[in-house]
Amino acid sequence: MSLLPDERAGNPPKKFEQKVPVWTSTRYLLAVLGSFGFFTAYGMRVNLSVAMVAMVNHTQKAALNGSEDCVPNTNYTDQDKPGEFDWDPGDQSIILGAFFYGYIVTQIPGGWLAGRYGGKSVFGFGILCTAVFTLVTPVAARANKYLFIAVRVVQGLGEGVTFPAMHAMWKGWAPPIERSKLITITYSGAHLGTVFSLPISGLLCDHFGWPSVFYAFGALGCLWFVIWMLLVHNSPEEHPRISYIEREYIQGELRREGTTTGKNMSTPWLTFAKSAPVWAIVLSHFSNNWGFYTLLTDLPTYMKEILLFDLTQSGFLSAVPYLCIWLVIIFGGQLADFLRERRILSTTAVRKIFNCFGLVLPGIFMVATGYVDCSQQVLAIVFLTFSVAMGGLCMSGFNVNHLDIAPRYAGVLMGISNSAATIPGFAGPAVVGILTKNAKTWITRKHQWQIVFYITAAVNAFGTITYLLMGDGTVQPWAKNHTEGTRTGPSEEDREKLVVNEDNVDPRTYGFGAHDHDA
């Protein structure tokens with residue numbers, strides 16, 4: 001739909017009534033570009049999980065002892081290329097977990113910086129940092145194991161700001177009734193990046209060698225950075241190409257909620273620590289990420305050692321669950337906002353229901369996976385797929401909840417919860433390494449993986465119970481009326497010309513008249 005001349009100039013159209021744009025809007029463009037940002041970030045994060053299988057010099061025979069009956073049911077051949085590095089499972093766990101030691105450090109600072117100075121640069125330069133150090137990964141790995149670990153830590157430092165910075169941006173860009181949709185579109189890119197990275201990394205390793213994995217994804221991250229910096233702006237007020245009607249729609253909806261888009265001049269840290277809804281988010285985030293990171297980091301290894309797939313199969317089949325979680329996240333966001341917009345359920349009820357199913361179902365299917373042997377590969381893939389995919393429902397649960405309870409502090413709160421949720425990033429792989437390190441036969445290692453899955457289910461149950469007891473979906477009293485900075489509302493002159501069309505229940509339909517609907 002073309003814009004009127006007055007609208008392109010940022011002035012209200014004369015006697016004109018139209019619906020606020022959706023798919024052609026700047027807020028949805030932000031969601032798409034943010035989604036591609038997370039696509040590249042997770043591609044760079046998880047490619048090592050596949051590349052590690054090609055980098056390490058190991059044979060599969062040690063893992064096959066006691067599983068000879070399964071070998072005829074696989075497509076495995078003895079054509080695996082020997083890797084360059086003699087890293088045992090303990091070394092591999094340390095290397096895979098090193099990313100998260102850096103990732104946890106910049107969570108809260110990233111949220112604070114984004115809330116204070118805007119999320120565009122924080123998000124963009126964070127991913128650029130990860131991209132640059134991804135490009136130097138092959139050199140570091142061949143130079144020294146500890147230098148390689150240091151590079152992974154720095155990659156984590158860069159990527160640690162991404163979620164808090166994006167949450168801080170959505171504080172001023174997402175109308176309350178569209179939060180689930182916009183945020184799930186944005187963060188679903190992480191899982192789409194996983195879908196792409198796992199199989200492509202396997203192909204690159206097989207055909208061009210493991211270093212090509214890091215060169216390809218590092219270059220993609222640098223390209224994305226240029227596009228992001230050219231097209232994105234911190235807020236609707238700063239965007240030179242946003243339509244007048246969309247800008248006033250976003251500001252009006254935030255104003256009705258009591259939310260402002262100004263910079264945070266102070267942060268109520270003690271209040272956060274005493275807030276039950278904040279703790280509900282933190283504990284659910286931790287629980288969800290325990291299972292997610294355990295599989296994200298070690299699924300290719302599980303596919304190869306327990307289910308006995310080869311490297312290329314492992315990469316492609318490991319991607320199937322993440323394709324499904326991407327679909328669940330998108331659908332879940334649409335459904336959650338449909339239930340809220342039609343007032344079928346309250347925001348609190350929607351968050352708790354989605355969060356409950358997003359934690360309980362993955363735990364059940366993960367435990368079931370542990371009892372499937374290598375002669376039932378299809379069933380194992382089905383269970384793993386359901387386990388990962390159902391976790392996507394949490395994206396419309398706790399993962400949006402920061403913006404429900406305290407939109408003005410969403411970036412810092414995401415930093416706090418994601419800091420706690422980063423602990424599983426190194427603790428999960430460490431637990432897998434400890435449990436499986438001394439398992440010399442296939443059957444012993446399978447039993448150890450069953451313990452891994454039971455631990456995950458227990459953690460998920462804990463997160464479910466605490467969120468049901470303490471979760472909330474309303475703006476907390478301490479999150480209102482403490483901001484200095486940019487005003488959310490239009491000028492008094494423009495307010496007299498702007499009115500929601502009262503004959504239409506859709507708040508995204510705006511008309512222009514002689515009175516102010518917000519009076």
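Numbering starts at 1 and runs along the sequence shown.
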Quick check: does any side chain N or O of N234 sit under 3.5 Å from a backbone N or O of G119, one acting as donor and the other as acceptor?
-> yes
Nearest heavy-atom neighbours spanning Y293 and P424 | CB-O, 4.0 Å
Is the backbone of L157 close enough, under 3.5 Å, to the side chain of T106 for a donor and an acceptor to pair up by distance?
-> yes
Minimum side-chain heavy-atom gap I405-V475 below 4.5 Å | no
Quick check: does any side chain N or O of T40 sit under 3.5 Å from a backbone N or O of G37, one acting as donor and the other as acceptor?
-> yes
Side-chain contact, heavy-atom cut-off 4.5 Å: M229 with F125?
-> yes
A406 to L413 - nearest heavy-atom pair and separation | CB-CD1, 3.6 Å
Closest non-hydrogen contact found for T456 with G291 is CG2-CA, 3.4 Å
S287 side-chain N/O to N460 backbone N/O, donor-acceptor pair under 3.5 Å | no
Aromatic rings H402 and H167: how do their planes relate, parallel, tilted or perpendicular, breaks at 30° and 60°?
-> perpendicular
Is a side-chain donor or acceptor of T137 paired with a backbone partner of T134 at a separation under 3.5 angstrom?
-> yes
State, with a plain yes or no, whether a side-chain heavy atom of T24 is found less than 4.5 Å away from one of Y28.
-> no
Using atom types as modelled and distance alone, determine if a side-chain donor or acceptor of T130 lies under 3.5 Å from a backbone N or O of Q155.
-> yes
Side chains of E159 and F99: does their closest heavy-atom pair fall under 4.5 Å?
-> yes
Exercise: identify the closest heavy-atom pair between F398 and N288 = CE2-CB, 3.7 Å
What is the distance from atom CG of L283 to atom OG1 of T466, rounded to the nearest 0.5 Å?
-> 4.5 Å
Given side chains that start at C-beta, do those of F386 and L361 come closer than 4.5 Å, heavy atoms only?
-> no
Counting N and O atoms only, with roles assigned by atom type, does the side chain of S275 sit under 3.5 Å from a partner on the main chain of F272, one being a donor and the other an acceptor?
-> no
Can a salt bridge be assigned to the pair E178 and K181 using a cut-off of 4.0 Å between side-chain N and carboxylate O?
-> no
Please step through side chain to side chain contact (heavy atoms under 4.5 Å, CB included) for the pair L33 and L231, ending with a clear verdict.
-> CA-CA 9 Å; L33 290 175; L231 297 182; 3.9 Å; yes
Verdict with reasoning, S180 to R351, per side-chain hydrogen bond (donor to acceptor under 3.5 Å, both in side chains) = CA-CA 10 Å; S180 301; R351 300 298 180 230; 3.0 Å; yes
Distance only, no hydrogens: is a donor on one side chain within 3.5 Å (strictly under) of an acceptor on the other, for T184 and R179?
-> no
Please check if any side-chain donor atom of T348 sits under 3.5 Å from a side-chain acceptor atom of D472, or the reverse.
-> yes
Say you draw a straight line from CG of L30 to OG1 of T186; how long is it, rounded to the nearest 0.5 Å?
-> 6.0 Å
Under the side chain to side chain contact (heavy atoms under 4.5 Å, CB included) rule, what do W173 and T26 come out as? Steps first, then yes or no, please.
-> CA-CA 9 Å; W173 274 102; T26 53; 3.3 Å; yes
Quick one: do F196 and Y42 satisfy ring-ring contact (aromatic ring centres under 6.0 Å, His included)? Show the steps, please.
-> CA-CA 10 Å; F196 182 84; Y42 267 66; over 10 Å; no
Minimum side-chain heavy-atom gap F133-M44 below 4.5 Å | no
Aromatic rings Y322 and F292: how do their planes relate, parallel, tilted or perpendicular, breaks at 30° and 60°?
-> perpendicular
Ring centres of F462 and F286 under 6.0 Å apart?
-> no
Would you name the heavy atoms of A219 and L135 that are closest together and state the gap between them?
-> N-CD2, 3.7 Å
What is the distance from atom CD1 of I250 to atom NE2 of H239, rounded to the nearest 0.5 Å?
-> 9.5 Å
Between OG1 on residue T194 and CZ on residue F39, distance to nearest 0.5 Å = 9.5 Å
Among F217, F123, F36, find the residue that satisfies the ring pair (Phe, Tyr, Trp, His ring centres under 6.0 Å) test when tested with W224.
-> F123
Contacts of Y103 meeting side chain to side chain donor-acceptor pair (under 3.5 Å) (sequence neighbours excluded), chain-then-number -> R45, N418
Residues H233 and R241: closest non-hydrogen pair is NE2-NH2, 4.0 Å
One should read off an interatomic distance between N399 CG and I329 CD1, to the nearest 0.5 angstrom, of 8.5 Å
Without swapping roles, check the side chain of D404 against the backbone of G473 for a donor-acceptor pair under 3.5 Å.
-> no
Test item: K352 side-chain N/O and L468 main-chain N/O as donor-acceptor pair under 3.5 Å = yes
Check step by step if side chain to side chain contact (heavy atoms under 4.5 Å, CB included) holds for V432 and T294.
-> CA-CA 8 Å; V432 173; T294 297; 3.9 Å; yes
Decide yes or no for K274 and W279: does some side-chain heavy atom of the first lie under 4.5 Å from some side-chain heavy atom of the second?
-> no
Before giving the answer on side chain to side chain contact (heavy atoms under 4.5 Å, CB included), spell out for Y249 and R27 the whole-Å C-alpha distance, their side-chain angles and the decisive distance to 0.1 Å.
-> CA-CA 11 Å; Y249 161 61; R27 65 190 186 281; 3.8 Å; yes
Consider only side-chain N and O atoms of Y467 and N401, and report whether a donor and an acceptor are under 3.5 Å apart.
-> yes
For N355, side chain to side chain donor-acceptor pair (under 3.5 Å) partners two or more places apart = S284
Please check if the side chain of K171 supplies one atom and the backbone of L403 the other of a donor-acceptor pair under 3.5 Å.
-> no
Does a side-chain heavy-atom distance below 4.5 Å link N47 with S201?
-> yes
